[in-house]
Amino acid sequence: MEKREQLYEGKAKKVFKTDDEQLLIVSYKDDATAFNGLKKGTIAGKGVINNKMSNLLMQRLEKAGVPTHLVKELSDRDTLVKKVTIVPLEVIIRNISAGSFSKRYGVEEGIVFDAPTIEFSYKNDELGDPLINDYHAVALRLATWEEIETIKKYAFKVNEELKAFWNECGVTIVDFKLEFGRLSDNTIVLADEISPDTCRLWDSKTHEKLDKDRFRRDMGGVEDAYIEVMKRLTEHI
Ligand code: TMP
Ligand code: ASP
């Protein structure tokens, strides 16, 4: 399958049409942004790592009963996916306090919750992706109640699978962001990516950060963290 016209260029990926109306090619870039695009940079080799990691994790999730957009990895940076209409919600699951949760509620990072939490942000760059509840999402016709129930069910299932898997790798999944899409028949599937850009991943023993927070917070060692976490994953998959 070959790339045709470029449909879209996002912060970290480009999307191309193919000769099949139902299929697209996603191409992962090394570009990194944070704080709604205010901070810009490059993480050398990130595109290759995120492409492979996301595909390996989605393959596992498919086996566990979570439908995804993944069709086939085409090359280091390119993957064939099913065309979806993205539901404009960022679905965030948290197992441990960190990031905007810690800031918003004035708590330290690292508090282990008794049960995972879920929240939604309205995917809208102009508004800065504001937090939104499910009633608001339905009122704005971003999704139906039925779709929101399906999305919640899949998101918690993804959490159970990712927690167990990363645990085998000596990595704790603190929180992560998912995006879902609708196929042409309105079936909901997991889309976008699962990578150190979209997850907080801490070394289980030392709590060292092995994710994009190193870039967001100017901590250095960004490339090495992506390489390390990918190495742990490939050793255990
Ligand atoms: P937060 O604590 O900043 O709200 O982030 C929660 C999780 O979502 C974290 O794992 C990083 C991820 N995330 C994204 O993938 N994209 C984003 O735009 C933001 C803000 C967070
Ligand atoms: N990628 C997002 C942005 O540039 C934010 C983030 O991941 O922190 O806005």
Side-chain angles (χ1 to χ4, degrees), residues 8-15 26 28-43 46-47 49-51 53-54 57-58 61 68-69 86-113 116-133 142 151-152 154-156 158-159 161-163 165-166 171-181 190-204 207-219 222 225-226 229 233:
Y8 170 80
E9 177 160 7
K11 292 171 189 146
K13 298 189 281 297
K14 292 180 184 177
V15 181
V26 176
Y28 285 74
K29 305 189 287 181
D30 287 348
D31 299 350
T33 65
F35 315 118
N36 202 12
L38 235 57
K39 183 183 172 83
K40 289 191 176 70
T42 318
I43 303 173
K46 169 174 88 84
I49 289 177
N50 285 9
N51 182 37
M53 184 181 294
S54 192
L57 293 174
M58 286 204 190
L61 292 170
T68 78
H69 70 164
I86 290 284
V87 176
L89 293 172
E90 297 200 338
V91 181
I92 296 160
I93 296 274
R94 299 179 193 271
N95 296 304
I96 299 177
S97 65
S100 69
F101 183 96
S102 288
K103 204 170 167 201
R104 185 176 314 117
Y105 302 119
V107 295
E108 71 204 76
E109 291 203 327
I111 302 166
V112 181
F113 302 146
T117 68
I118 191 164
E119 73 209 38
F120 301 109
S121 292
Y122 175 23
K123 245 177 91 69
N124 183 318
D125 281 342
E126 276 171 36
L127 300 176
D129 298 341
L131 203 59
I132 191 172
N133 74 25
L142 307 181
I151 286 171
K152 283 183 184 167
Y154 287 156
F156 283 118
V158 169
N159 188 41
E161 294 299 321
L162 292 185
K163 259 197 319 195
F165 176 58
W166 279 116
V171 171
T172 301
I173 183 152
V174 171
D175 56 28
F176 56 93
K177 185 263 302 181
L178 302 175
E179 294 184 25
F180 291 86
L190 181 63
D192 194 51
E193 67 181 277
I194 307 176
S195 71
D197 275 20
T198 63
C199 303
R200 286 197 172 91
L201 301 166
W202 294 355
D203 180 281
S204 299
H207 294 182
E208 187 192 353
K209 296 186 197 303
L210 300 172
D211 58 61
K212 195 178 161 191
D213 267 352
R214 300 197 77 87
F215 169 80
R216 295 188 188 99
R217 302 178 188 189
D218 294 320
M219 296 170 73
V222 187
Y226 278 69
V229 84
L233 179 130

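By convention here, the first residue in the shown sequence is residue 1. Just follow the structure's listing: the first ligand is 1, and inside any ligand the first atom is 1.
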Problem - Phe156, CZ: over 12 other non-hydrogen atoms inside 6.0 angstrom - result: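 Check passes, neighbour count above 12.
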
Practice task
Could you tell me whether Lys39 atom NZ has more than 12 heavy atoms of other residues or ligands within 6.0 Å of it?
Solution key: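 Atom NZ in Lys39 is packed in, count exceeds 12.
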
Does the side chain of [Y] come within less than 4.5 Å of [X]'s, by heavy atoms?
{"X": "Val174", "Y": "Asp211", "answer": "no"}
{"X": "Val229", "Y": "Met53", "answer": "yes"}
{"X": "Ser121", "Y": "Ile92", "answer": "yes"}

Exercise for the section: Distance to 0.1 Å, residue and atom name: give those for the protein heavy atom nearest to atom 18 (O) of ligand 1. Expected result: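 Result: Glu90 OE1, 3.9 Å.
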
Practice task
Give the residue and atom name of whichever protein heavy atom lies nearest to atom 15 (O) of ligand 1, and the separation in Å to one decimal.
Solution key: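 Residue, atom and distance for the closest contact: Lys177 CE, 3.1 Å.
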
Exercise for the section: Classify the ring geometry between Trp202 and His207 as parallel (under 30°), tilted (30 to 60°) or perpendicular (over 60°). Expected result: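 Trp202 and His207: tilted rings.
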
Problem - Side chains of Arg94 and Ser102, donor plus acceptor under 3.5 Å - result: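 Ser102 and Arg94 do not have a side-chain donor-acceptor pair below 3.5 Å.
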
Handout entry: Pair Asn159, Asn95: side-chain N/O donor-acceptor within cut-off below 3.5 Å
Key =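 Looking only at side-chain atoms, Asn95 and Asn159 do form a donor-acceptor pair, the distance falling under 3.5 Å.
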
Practice task
Could you name the option among Arg200, Arg216, Arg104 that has the heavy atom nearest to atom 3 (O) of ligand 1?
Solution key: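 Result: the heavy atom closest to atom 3 (O) of ligand 1 is in Arg200.
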
Problem - Nearest candidate to atom 1 (P) of ligand 1, where distance is taken over non-hydrogen atoms, out of Ser100, Ser102, Gly99 - result: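 The option holding the nearest heavy atom is Ser100.
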
Exercise for the section: Look at atom 20 (C) of ligand 1 and say whether a protein heavy atom is found at less than 4.0 angstrom from it. Expected result: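 Under 4.0 Å from atom 20 (C) of ligand 1, zero protein heavy atoms found.
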
Problem - Any Asp197 heavy atom less than 4.0 Å to ligand 1 - result: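 Contact check Asp197 vs ligand 1: positive.
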
Exercise for the section: For Lys103 and ligand 1, answer yes if some heavy atom of the residue is under 4.0 Å from a ligand atom, otherwise no. Expected result: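 Not so, Lys103 does not reach ligand 1.
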
Handout entry: Neighbouring residues of ligand 2, heavy-atom cut-off under 4.0 Å
Key =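 If the criterion is a heavy atom under 4.0 Å, then ligand 2 touches Lys11, Thr33, Ala34, Phe35, Asn36, Gly37, Lys212, Arg216.
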
What are the atoms of ligand 1, with element, lying closer than 4.0 Å to any heavy atom of [X]?
{"X": "Phe176", "value": "10 (O)"}
{"X": "Cys199", "value": "10 (O)"}
{"X": "Arg94", "value": "1 (P), 2 (O), 4 (O), 6 (C)"}

Handout entry: Residue pair Phe101, Glu109: steps toward the side chain to side chain contact (heavy atoms under 4.5 Å, CB included) verdict
Key = CA-CA 9 Å; Phe101 183 96; Glu109 291 203 327; over 6 Å; no

Practice task
Measure the NZ-CG distance between Lys123 and Leu142 for me, rounded to the nearest 0.5 Å.
Solution key: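 Lys123 atom NZ to Leu142 atom CG measures 12.0 Å (nearest 0.5 Å).
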
Exercise for the section: Mind checking the OH-CD1 spacing from Tyr105 to Ile111? Nearest 0.5 Å is all I need. Expected result: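 Answer rounded to 0.5 Å: 13.0 Å.
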
Tell me the contacting part of [X] for ligand 1: side chain, backbone, both, or neither, using a 4.0 Å heavy-atom threshold, strictly below.
{"X": "Asp211", "answer": "neither"}
{"X": "Ser121", "answer": "neither"}
{"X": "Lys212", "answer": "neither"}

Handout entry: Option from Asp30, Asp197, Asp31 for which salt bridge (Lys or Arg N to Asp or Glu O under 4.0 Å) with Lys46 holds
Key =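 Result for salt bridge (Lys or Arg N to Asp or Glu O under 4.0 Å) with Lys46: Asp197.
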
Handout entry: Verdict with reasoning, Phe176 to Ile93, per side chain to side chain contact (heavy atoms under 4.5 Å, CB included)
Key = CA-CA 6 Å; Phe176 56 93; Ile93 296 274; 3.6 Å; yes

Practice task
Could you tell me whether some N/O pair between Asp175 and ligand 1 is separated by less than 3.5 angstrom?
Solution key: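 Between Asp175 and ligand 1 (N or O atoms, distance only) the closest approach is under 3.5 Å.
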
